[in-house]
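Let me begin by presenting the structure, written as structure tokens, before commenting on it.
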Amino acid sequence: MADELNNTSRRAFLKGGAAAVVGTAAGAASAGTPDPLITEVQDWASFTGEGVDETPYGLPIEFESDVVRRNVPWLTADPISSINFTPIHALDGTITPQGCAFERHHSGAIELKKDDYRLMINGLVDQPLVFTYEDLERFPRENHVYFCECAANTGMEWAGAQLNGVQFTHGMIHNMEYSGISLRALLNEAGLGAAGDLADKWVYVEGADASSNGRSIPMEKALDDVLVAFKANGEALRKEHGYPVRLVVPGWEGNMWIKWLRRIEVTDAAVESREETSKYTDVMEDGTARKWTWEMDAKSVITSPSPQMPIKHGHGPLVISGLAWSGHGRITRVDVSKDGGKSWETARLGTTQGDSKALTRFYLDTDWQGEDWLLQARAMDETGYVQPTKDQLREVRGENSIYHNNCIQTWYLNAKGEAENVEVS
Ligand SMILES: Nc1nc2c(c(=O)[nH]1)N[C@H]1C(S)=C(S)[C@@H](COP(=O)(O)O)O[C@H]1N2
Ligand SMILES: [Mo]
């Protein structure tokens, strides 16, 4: 691997001319004009910096001020029932900082103090219970990294390539390390004896906001890996992500991840609430609707180069980078195509076997000499599932769906290194 990289650099260097200036990947400053950034003592080395008491809680440096959530104003009528998008084009690694992780609210982000927080468990339990925030902290705690993807992510692309930026086509996703307690522990505390046979039971979960966003979750999932979480990436949840407590439903659509969680009712049937009937269900090719699609199928996308991340460094070594994830478990392989899916190269996974149902970073270390490329990524997960093309997905789902679009995305890269959202068939 090291040899391969050396060869790439040497090749780029030897191709000469244009490559031999400051800032190429070959790293070579040629003889000639001295670089004042090296030869002159700069301000930042002449004066002292800021003291440690200036910034009790740090924000990103001002030069990174474009790495922010963005929205698409025409998408929803009102910002309190709206979404914004994670700037995935500008991030690397896998963890999403809370400050730029997408938000989706049905009735705005509410402010709920820990002291005012109550969580009720009722319905078919032996003993209905109410927990305060401090009560919850006394249960055994777990830490897991999981992605949360809104079912509507990529939902504007069904009928054609539309939004020119990976932030907008794929940015309704974030990936955080959650600290919390298992829902199983809380249900057992209330006692499930009264529920009888658990195989056909459900929990109905709702939030403290005006929308309440109620959803029914089959008992099997509730007793599996669902978390009642109060920390994300080590610190308290931000208001917009459900402070002080949210539900984490690994691998399942974001809508079920109830924020400001206030009630868990054990029931003997799904409630069939608004959010699981008129919304978040899929219209199929023949016009009928499929009842429930909880798990998010394997999906991947190239984040750089992409429409918001053109190639700026000229010809030579190029790192193609992106994200892959699956609600069914681990990502086992990601392939990258430069010719719209005719041929594929296997990418390098940039994370050692991380948590299942979490984002995986991939890289293809390659070389670009100004060719036109039709860039695609294709993910495979541990169940053997392969991410479908747009045409394959449309054969089953038609073009009138909104939710659960996990098709292969194409970027057209031109000779200038600019990328555009396109479709191939
Ligand atoms: N209480 C409550 N929970 C909610 C919502 C909401 O509006 N209210 N929105 C849901 C939807 S549709 C999604 S995609 C996720 C988004 O989580 P985030 O805002 O932390 O990104 O929260 C879900 N949980
Ligand atoms: Mo969502």
Side-chain angles (χ1 to χ4, degrees), residues 68-72 75-76 78-88 95-112 117-120 146-156 167 170-178 180 203-217 226-233 235-264 271 273-282 292-296 325 327 359 401-406:
V68 289
R69 299 164 177 148
R70 290 186 177 82
N71 60 20
V72 176
L75 214 60
T76 42
D78 190 321
I80 61 164
S81 66
S82 194
I83 43 163
N84 55 29
F85 302 84
T86 309
I88 50 173
I95 296 294
T96 317
Q98 286 201 68
C100 66
F102 89 96
E103 304 164 60
R104 167 71 172 112
H105 315 300
H106 291 78
S107 52
I110 58 166
E111 219 151 81
L112 180 53
Y117 181 75
R118 299 289 184 274
L119 174 61
M120 178 186 293
Y146 293 119
F147 76 81
C148 171
E149 182 183 21
C150 178
N153 200 21
T154 322
M156 284 77 72
Q167 176 168 18
H170 290 74
M172 284 188 223
I173 191 160
H174 50 60
N175 191 67
M176 304 189 197
E177 186 201 43
Y178 294 97
V203 295
Y204 182 68
V205 282
E206 63 181 18
D209 54 330
S211 83
S212 84
N213 196 80
R215 288 292 308 252
S216 311
I217 300 177
V226 177
L227 286 178
V228 173
F230 33 73
K231 294 270 158 69
N233 301 337
E235 62 180 358
L237 289 163
R238 296 284 166 86
K239 173 175 81 176
E240 59 270 35
H241 299 124
Y243 180 93
V245 176
R246 93 172 300 166
L247 203 64
V248 168
V249 190
W252 289 28
E253 60 183 5
N255 185 256
M256 301 174 104
W257 293 47
I258 309 302
K259 303 190 276 191
W260 315 288
L261 180 68
R262 77 154 178 195
R263 196 169 70 93
I264 299 164
V271 165
S273 70
R274 170 188 185 272
E275 306 296 331
E276 55 203 20
T277 50
S278 75
K279 304 291 170 193
Y280 301 101
T281 42
D282 297 324
W292 290 312
T293 307
W294 298 313
E295 276 157 313
M296 302 305 288
W325 61 96
L359 289 189
S401 277
I402 299 172
Y403 308 106
H404 306 106
N405 184 344
N406 70 319

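Atoms within each ligand, like the ligands themselves, are counted from 1 in listed order. This is a predicted model, so every value here is computed, not measured.
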Practice task
Just need the protein heavy atom nearest to atom 6 (C) of ligand 1, so name the residue and atom and give the distance.
Solution key: H106 ND1, 3.5 Å
Problem - Heavy atom of the protein closest to atom 23 (C) of ligand 1 (residue, atom name, distance) - result: G254 O, 3.3 Å
Exercise for the section: Give the intermediate values and the outcome of ring-ring contact (aromatic ring centres under 6.0 Å, His included) for residues W257 and Y146. Expected result: CA-CA 11 Å; W257 293 47; Y146 293 119; 7.1 Å; no
Exercise for the section: Please identify which atoms of ligand 1 are closer than 4.0 Å to at least one heavy atom of E240. Expected result: 19 (O)
Handout entry: N71 side-chain N/O to N84 backbone N/O, donor-acceptor pair under 3.5 Å
Key = no
Handout entry: Short side-chain to backbone donor-acceptor contact, N233 and T96, under 3.5 Å
Key = yes
Fill in the blank from the handout: If we number the atoms of ligand 1 from 1 as shown, the ones under 4.0 Å from a heavy atom of E103 are 19 (O), 21 (O)
Exercise for the section: Could you tell me the residue and atom name of the protein heavy atom closest to atom 3 (N) of ligand 1, and the distance to it rounded to 0.1 Å? Expected result: K259 N, 3.0 Å
Handout entry: Element-labelled atoms of ligand 1 that are located less than 4.0 Å from some non-hydrogen atom of I258
Key = 3 (N), 24 (N)
Fill in the blank from the handout: atom 10 (C) of ligand 1: closest protein heavy atom, distance to 0.1 Å, is N255 CA, 3.8 Å
Problem - Check: Q98 side chain, E240 main-chain N or O, donor-acceptor pair, under 3.5 Å - result: no
Fill in the blank from the handout: H105 heavy atoms within 4.0 Å reach ligand 1 at atoms 7 (O)
Exercise for the section: Using atom types as modelled and distance alone, determine if a side-chain donor or acceptor of E253 lies under 3.5 Å from a backbone N or O of A151. Expected result: no
Problem - Backbone or side-chain N or O of R104 under 3.5 Å from ligand 1 N or O - result: yes
Exercise for the section: Mark up the atoms of ligand 1 that fall under 4.0 Å of a heavy atom belonging to W260, in ascending order. Expected result: 1 (N), 2 (C), 8 (N)
Completion exercise
Residue, atom and distance of the protein heavy atom nearest atom 21 (O) of ligand 1 read F102 O, 2.6 Å
Practice task
Please determine if C150 has a nitrogen or oxygen closer than 3.5 Å to a nitrogen or oxygen of ligand 1.
Solution key: no
Fill in the blank from the handout: Residue, atom and distance of the protein heavy atom nearest atom 4 (C) of ligand 1 read N213 ND2, 3.6 Å
Practice task
Report yes or no: does T86 contribute a side-chain atom to a donor-acceptor pair with the main-chain N or O of F102 at less than 3.5 Å?
Solution key: yes
Handout entry: Exceeds 12 heavy-atom contacts within 6.0 angstrom, atom CD of E235
Key = yes
Handout entry: Distance-only N or O hit between ligand 1 and Y280, under 3.5 Å
Key = no
Problem - Nitrogen or oxygen atoms of R246 and ligand 1 under 3.5 Å apart - result: yes
Problem - Short side-chain to backbone donor-acceptor contact, T154 and N406, under 3.5 Å - result: no
Problem - Heavy-atom side-chain proximity of N255 to Y403 below 4.5 angstrom - result: no
Practice task
Check whether any side-chain N or O of H404 sits under 3.5 Å from a backbone N or O of D282 as a donor-acceptor pair, and report yes or no.
Solution key: no
Handout entry: Polar proximity ligand 1 side, D209 side, N/O cut 3.5 Å exclusive
Key = yes
Problem - Heavy-atom donor-acceptor pair, H241 side chain to A101 backbone, under 3.5 Å - result: yes
Completion exercise
atom 24 (N) of ligand 1 has as its nearest protein heavy atom W257 O, 3.0 Å
